[in-house]
Amino acid sequence: MFIITGATGKLGHAIIEKLIDLAPVNQIGATCRNPDKAADLTALGVRVRQGDFEDVESLRYAFEGATQVLIVSSDASAHRADPQAQHQTAITQALAAGAKRIVYTSQMAASASSAFPPMHNHAATEEVLRSCGVAWTALRNGFYGASGIAILGEALKTGILETAVDGPIAWTAHTDLAEAAAIILTQEQYASGPTLPFTGSQALDFGDLADIASGLLKRPISRQIVTDDELRKKLVAHNTPPQVVDIVLGLYIAARNHEFSVVDPALEQVLGRPPITMRSLMEDMIEC
Ligand SMILES: NC(=O)c1ccc[n+]([C@@H]2O[C@H](COP(=O)([O-])OP(=O)(O)OC[C@H]3O[C@@H](n4cnc5c(N)ncnc54)[C@H](OP(=O)(O)O)[C@@H]3O)[C@@H](O)[C@H]2O)c1
């Protein structure tokens, strides 16, 4: 049985929707912290069970019968929890359930030396997988276009986008990453290890995004660069939690270090079609 965690998150839910097209629905198990939110999946015939990385007992029940477990990485680092410990728990319980393969949603810049803090957790989780004793795949997902659009946020109303010095990012669509995950889950011949970077076909910086948004909204959005120190002070003044300040600043530093700028054909090859472009995502997600 395929077990997918994070079934009520954006990526996890989309993976299950794609997997339903590729595998018998009675072979798909979804886990999430609140199954009431996954009623749509239950209605489709997916086995939905409560599973929380902070609760070992829940995972024992949720992973029952697993042959493969896809662990959607937790967003815990933004909430002061320890995602690395959570992933370790999920891996241990996947193995205890008898899973023969573990697939994990990593990130293209996973590295202990990344300037972007979440990449340290991905690198540490990949290290655990390396010695887990069963087949494993780390999906090296590119940066979500949805995150870039969320960062544009207020600028779409005010016309001023304030960022630190950034760099190009090969933005990706959740639906493309979900489809690739579902395909890879159903193709067990993948060699163990990290995939090539799953990226969009073009790397764009925040100046480029501001230009695209200006074109879509038919009004100017100008970008103003602030220093890292200025940005940090502004975030602190808005009571932004310290770990989130580090994540926001780290994103800009990692981007200008070109941690997310590689454009790789791997995602297109898995999908058998070009990935969704950032412009197309923005057309869909920005209300004109
Ligand atoms: N590639 C990128 O650019 C990028 C950007 C941001 C984040 N990410 C990573 O990708 C992940 C999925 O992204 P998304 O857009 O789907 O985020 P999302 O909608 O915010 O979902 C967060 C996910 O974390 C899971 N989670 C959090 N705490 C958990 C816990 N204690 N036990 C089990 N699961 C837990 C949630 O499961 P439930 O179903 O129980 O809610 C949910 O699936 C994020 O969690 C983050 O690690 C990647």
Side-chain angles (χ1 to χ4, degrees), residues 3-18 29-42 46 48-59 61-63 69-94 103-110 114 116-126 138-151 169-178 180-181 194-195 197-200 203 243-244 247-248 250-251 254-255 259-260 267 275 278 281 285:
I3 302 289
I4 317 299
T5 77
T8 58
K10 291 181 285 298
L11 185 64
H13 192 275
I15 291 171
I16 295 166
E17 285 180 320
K18 300 288 182 187
T31 82
C32 54
R33 288 164 296 170
N34 180 357
D36 290 346
K37 292 186 184 168
D40 60 327
L41 297 176
T42 305
V46 173
V48 177
R49 289 188 177 178
Q50 200 265 344
D52 186 330
F53 298 158
E54 298 280 349
D55 176 358
V56 170
E57 281 306 318
S58 76
L59 296 183
Y61 179 59
F63 290 177
V69 176
L70 183 144
I71 299 169
V72 172
S73 57
S74 160
D75 60 353
S77 52
H79 308 291
R80 282 196 175 280
D82 180 353
Q84 164 52 17
Q86 292 186 348
H87 299 153
Q88 170 78 68
T89 301
I91 291 167
T92 303
Q93 292 312 313
V103 179
Y104 169 72
T105 64
S106 186
Q107 230 266 19
M108 67 182 288
S114 171
F116 188 45
M119 301 304 103
H120 309 164
N121 299 318
H122 289 309
T125 301
E126 288 190 8
L139 305 167
R140 286 280 185 98
N141 290 340
F143 222 96
Y144 296 156
S147 301
I149 294 167
I151 291 169
I169 297 179
W171 306 99
T172 55
H174 275 71
T175 49
D176 281 349
L177 298 173
T195 64
F198 284 166
T199 75
Q243 75 277 14
V244 177
I247 289 173
V248 173
L251 163 60
E259 291 194 33
F260 312 115
L267 180 60
M278 186 59 173
L281 271 183
M285 293 178 73

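All values below come from the heavy atoms of this structure, side chains included, with hydrogens, waters and symmetry mates left out. Atoms within each ligand, like the ligands themselves, are counted from 1 in listed order. What you see is a predicted model, and the numbers here were worked out from it, not measured in a lab.
Distances from ligand 1 to the non-hydrogen atoms of His174 include at least one value under 4.0 Å. In this structure, Ala146 has no heavy atom closer than 4.0 Å to ligand 1. For Asp52, the closest heavy-atom approach to ligand 1 falls below 4.0 Å.
Distances from atom 23 (C) of ligand 1 to the heavy atoms of Ser73, Ala81, Ala14, Ser147 show the closest one on Ser73. The heavy atom nearest to atom 28 (N) of ligand 1, considering only Lys37, Arg33, His13, His122, is found in Arg33.
Closest to atom 12 (C) of ligand 1 among all protein heavy atoms lies Tyr144 OH, 3.3 Å. The protein heavy atom nearest to atom 39 (O) of ligand 1 is Thr8 OG1, 2.6 Å. Remark: minimum distance from atom 17 (O) of ligand 1 to any protein heavy atom is reached at Lys10 NZ, 4.1 Å. Taking atom 21 (O) of ligand 1 as the reference point, the nearest protein heavy-atom neighbour is Gly9 CA, 3.7 Å. Distance from atom 1 (N) of ligand 1 to its nearest protein heavy atom, with residue and atom name: Gly142 O, 3.1 Å. Protein heavy atom in closest approach to atom 16 (O) of ligand 1: Leu11 N, 2.7 Å.
Where the criterion is an N or O separation shorter than 3.5 Å, residue side chain and backbone included, Asp75 meets it with respect to ligand 1. Between Asn141 and ligand 1, a contact under 3.5 Å exists for no N or O pair. An N or O contact shorter than 3.5 Å links Ser74 to ligand 1 by distance. In terms of polar-atom proximity, defined here as any N/O pair under 3.5 Å, Gly12 makes no such contact with ligand 1. Where the criterion is an N or O separation shorter than 3.5 Å, residue side chain and backbone included, Gly6 meets it with respect to ligand 1. Some N or O of Phe53 is nearer than 3.5 Å to an N or O of ligand 1, by distance alone.
Under the 4.5 Å side-chain criterion, counting only non-hydrogen atoms from C-beta, Tyr104 is not in contact with Ile91.
Remark: the backbone N or O of Phe143 is paired with a side-chain donor or acceptor of Thr172 at under 3.5 angstrom. Distance alone, capped at 3.5 Å, is enough to place a donor-acceptor pair between the Thr5 side chain and the Val72 backbone. Looking only at distances, no side-chain donor or acceptor of Arg49 sits under 3.5 Å from a matching main-chain atom of Gly29.
Here Val72 has side-chain heavy atoms under 4.0 Å from ligand 1, and that is the only part of it that gets that close.
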